[in-house]
J.: 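Next up is a structure, given as structure tokens.
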Amino acid sequence: MMLLTRKMIEIRNMLQGVGQSGTLTLPSIVVIGSQSSGKSSVLEAIVGHEFLPKGSNMVTRRPIELTLVNTPDAKAEYGEFPALGLGKITDFTQIQRTLTDLNLAVPAEQCVTDDPIQLTIHSPNVPDLSLIDLPGYIQVVGRDQPVELKQKISDLCDRYIQPPNVILAISAADVDLANSTALRASRRVDPRGERTIGVITKMDLVDAQRGVEMLSDKKYPLRLGYVGVVCRLPQQSGLFHRHGGNLANAITKNENAYFQAHPLEFGPQSELSIGTPTLRKKLMYVLEQTMASSLTGTRDAIVQELEEATYEFKVQYNDRPLSAESYLAESLDAFKHSFKQFSDSFGRPEVRQLLKAELEQKVLDLLAKRYWNKPVEDLAKAPFEADPITDLSKSEPTSLFWQRKLDASTSELTKLGIGRLATTVVEDELKNRVSTLVDSSTFSAHPYARKAIADAAESILHDRFYSTSDQVENCIKPFKFEIEVEESEWTKGREGAGRALKSELKACEEAKKQLEQAVGRRKLNDVTAFIDRVRKGDIYLEGDSSAGAGGFSSALLQTGRQAIFLRDRADILKMRLAGVKSRQCSSLRNKYHCPEVFLDVVADKLTSTAVLFLNVELLSEFYYNFPRELDARLGRHLSDSEIERFAREDPRVRAHLDVIRRKDMLELVLEKIESLRQLEGKAKAATGGG
Ligand code: GDP
């Protein structure tokens, strides 16, 4: 039949993919032997390549779970380390290097560990087999090795040589079998010799008659028997590699030569099992038989695992189905829905408000720069003369000075780069809003999706940026030359300016309060009084005040200057607030006396015009394209593995998916095992009960 092993190996791989639990192990052939007993040579003869770590420094420190997969139709041979994801390795010296590295990665003081290395070899020249190579038993502990090492290796091997595994006990012919550590270990766990295959290596090193005696050992009789081999590599092994020869053939040739040289002992009439090809066949046959007899046990174990998974699915997840695809689709739908709600609530009025607030701030900056600022930076300088702003209400309405000031301010406002500013403000707001939406969506736990969504928004906005800002800039161009204001606009502007001044005043007073809290009201009053006296000229300071003055530290003086700035600014704001409310500002005719109002009107005009284009060029485009871009980046264009990776980012979803996958996989495995059992039953019936 010879297909059970292969099928069971497939099943084991499937189970490994869903995190098989310890109770469920399929039988393997476990290879044990003392150091230098020829263990590696036997394994390499079976595989047909040198691939195991070599060297005196006890190089096998971890179990190697070696799976051989026969690929009859393939030419290429390669190895794979499934846990490392290195891909297919066709160069066997590379496999050897990797194994050496993996072994040497175990710290010297630890020496051995039971964390296995998995290696699968695909080749037309190997049989389907599952072998486990273990560290060789040692007789004497080396000088730089821990004393408990001998015991550690023995314990590790003991864990592996339990049923249902088959034991391949390697002993060298030049050592008395009674002294074979491998056979002694196997005898402990398999006293009746039912699942041990004895391998006697180095047959060429003893007298042929002695070899025959060993192979028919009666002290520890084995049901599966002893096999004698000569596995020494041909001496010119380097040469042989370069010629791309087959190691197995070369060994067999060498081996045959030896056995044929002793026809009396090993000739055709002898009933002894000899030679690596015989060993291979035996291994295949024995493993196949063991797999067959473990079928029922394996079936039962899987049934139990399946019951547990089904129970967990019911209790923890209420039998709720879930797949990575459905999870993504639902998350995406929900997110698009929340985006739709946002887009319905964020239109022209909201953009207007946003932009107006931004321009109001710019207007306040302008007013400060051109009308309100008092230089209080330099303590030592002569006191500042008159505040020009206090002259404003008293001056002639036609005063050229104030006319020029307002014209320059207006010009600066309109030439601010409104196009870029407006576009940036709206784009930033959109990005923030999208990010807030993500935070309250299922995507919040998914860095991959977060990035994809942010990128989607970014790419659309980036595409629209230049055309939008150009359009807006073009449309506000006329305001750079002339601004016509109507009385109704002026009235609205007065309200706007009043609001802006009030909130600025409040901010100013808040900031002052904070300074008071930071240094204490008394101290702050003292230092401001001192600075005031300096400014008035009551006190004359020599040199600079960077190291402090009047008993105040330079830091405190700095705070004092800030407090004075805020106090003076608050005074000006109060004065201007009164000005804006006064009769003088009630009419547009006095616009030069009321720059706050006029500039508010300008800001309002700029805002209204900009909003029209922002709405068409940016908002509508974004609302239309964003859901489509999301589909492209997170929807159907993702590969299965990307969808899987996405869903598994969320630990709760991952656990849910794992249970379902495990359950599905176990169901499938159970089905396979059942059909294998049926096949097995038929085969038995055909051979009359096997
Ligand atoms: P391990 O430590 O058990 O893996 O043993 P190795 O496979 O590395 O073999 C130890 C030494 O014995 C090496 O020098 C091999 O070349 C040699 N050796 C292995 N098998 C045979 C054999 O059948 N005949 C002879 N003469 N030497 C062998």
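Each ligand, and each atom within it, is numbered from 1 in the order the structure gives.
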J.: Please list, in number order, the atoms of ligand 1 under 4.0 Å from a heavy atom of V230.
T.: 23 (O)

J.: Please report the interatomic distance OH(Y137) to CG(L156), rounded to the nearest 0.5 Å.
T.: 9.0 Å

J.: Could you check whether atom CD of E325 has more than 12 heavy atoms from other residues, nucleotides or ligands sitting under 6.0 Å from it?
T.: yes

J.: To the nearest 0.1 Å, how far is atom 5 (O) of ligand 1 from its closest protein heavy atom, and which atom is that?
T.: G38 N, 3.1 Å

J.: Short N/O distance, under 3.5 Å, between K39 and ligand 1?
T.: yes

J.: Would you mind listing which atoms of ligand 1 come within a distance below 4.0 Å of any non-hydrogen atom of S36?
T.: 1 (P), 2 (O), 3 (O), 5 (O), 10 (C)

J.: Between the side chain of R184 and the main-chain N/O of N179, is any donor-acceptor distance below 3.5 Å?
T.: yes

J.: Evaluating non-hydrogen atoms only, which member of S40, P53, G33 is closest to atom 8 (O) of ligand 1?
T.: S40

J.: Looking at I64, is its backbone amide N or carbonyl O close enough to the side chain of D133 to form a donor-acceptor pair, meaning the two atoms are under 3.5 Å apart?
T.: no

J.: Is it true that the side chains of S130 and R12 contain a donor and an acceptor less than 3.5 Å apart?
T.: yes

J.: Quick one: nearest non-hydrogen protein atom to atom 15 (C) of ligand 1, plus distance?
T.: S41 OG, 4.1 Å

J.: Is the backbone N or O of P124 less than 3.5 Å from a side-chain atom of N70, with the two atoms forming a donor-acceptor pair by type?
T.: yes

J.: Under 4.0 Å from a heavy atom of S34: which atoms of ligand 1 are those, numbered in the order shown and with their elements?
T.: 3 (O)

J.: For atom 23 (O) of ligand 1, what is the closest protein heavy atom, and at what distance to 0.1 Å?
T.: C231 N, 2.8 Å

J.: Could you pull out, from K202, M203, E255, the option with a heavy atom nearest to atom 12 (O) of ligand 1?
T.: K202

J.: Indicate, as side chain, backbone, both or neither, the part of V42 found under 4.0 angstrom from ligand 1 when only non-hydrogen atoms are considered.
T.: neither

J.: Could you tell me whether atom 19 (C) of ligand 1 has at least one protein heavy atom nearer than 4.0 Å?
T.: yes

J.: Do other residues, nucleotides or ligands put more than 12 heavy atoms under 6.0 Å from the CD atom of Q209?
T.: yes

J.: Distance to 0.1 Å, residue and atom name: give those for the protein heavy atom nearest to atom 16 (O) of ligand 1.
T.: R232 CG, 4.1 Å

J.: Nearest 0.5 angstrom please: D217 CG to S180 OG, how far?
T.: 10.0 Å

J.: Using a strict cut-off of 4.0 Å, indicate which atoms of ligand 1 neighbour a heavy atom of D204.
T.: 22 (C), 23 (O), 24 (N), 25 (C), 26 (N)

J.: Could you tell me if E271 and S216 have a donor-acceptor pair between their side chains, going purely by distance under 3.5 Å?
T.: no

J.: With heavy-atom distances below 4.0 Å as the criterion, list the atoms of ligand 1 near Q35.
T.: 2 (O)

J.: Identify which one of V227, I197, L224 satisfies the side-chain contact (heavy atoms from CB on, under 4.5 Å) criterion when paired with L168.
T.: I197

J.: Can you find a non-hydrogen atom of G136 under 4.0 Å from ligand 1?
T.: no

